[in-house]
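Residue numbers run from 1 in the order of the sequence given.
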Amino acid sequence: MSATLLASHGFTALPVVDGDGRIVGVLDAASAFMFQPDILVEDVMLPPACVEAGAGLSTAAALMKARCLPELPVVEGALVGTVKSGDLLTAWAMPV
């Protein structure tokens with residue numbers, strides 16, 4: 001998988017899940033770009049990071065900052081989506 005393929009689908013990072021749907025890592029576009037196509041995902045993925053669907057935006061932002069991730073998997077038992085740094089900015093800019 002290449003960084004170009006990730007970007008063409010609007011992703012900067014992807015969760016890596018096992019056969020049971022558990023997140024076992026995160027593959028970011030920078031890592032995908034740096035390595036040859038025949039390198040295994042498990043050899044370049046980052047440690048797992050995700051946020052629960054019911055977590056606050058500040059929790060997601062803190063985890064994204066701590067892990068230097070522009071995008072974070074969102075789970076509710078299983079993977080339900082992703083949240084991007086731009087999503088947080090948009091949400092915080094909305095009038096109450």
>> Just to verify, which of Val16, Val51, Ile23 counts as forming a side-chain contact (heavy atoms from CB on, under 4.5 Å) with Pro73?
In response: Ile23

> Linking I/L/V/M/F/W/Y whenever any side-chain heavy atoms sit under 4.5 Å apart, do Val17 and Val44 land together?
Replying inline: no

>> According to a hydrophobic-cluster definition based on side-chain heavy atoms being under 4.5 Å apart (Ile, Leu, Val, Met, Phe, Trp, Tyr only), do Val75 and Val83 belong together?
In response: no

> Where the side chain of Asp20 meets the backbone of Arg22, is there a donor-acceptor pair that is under 3.5 Å apart?
Replying inline: no

To the closest 0.5 Å, what do you measure between [atom1] ([X]) and [atom2] ([Y])?
| X | Y | atom1 | atom2 | value |
| --- | --- | --- | --- | --- |
| Leu40 | Met45 | CG | CE | 10.5 Å |
| Leu72 | Thr82 | CG | OG1 | 8.5 Å |
| Met64 | Leu57 | CE | CG | 10.5 Å |

Nearest heavy-atom pair of [X] and [Y]: which atoms, and what distance?
| X | Y | value |
| --- | --- | --- |
| Cys50 | Leu63 | O-CD2, 3.2 Å |
| Glu52 | Glu76 | OE1-CA, 4.3 Å |
| Pro15 | Leu79 | CG-CD2, 3.6 Å |
| Ala49 | Arg67 | CB-NH1, 3.2 Å |

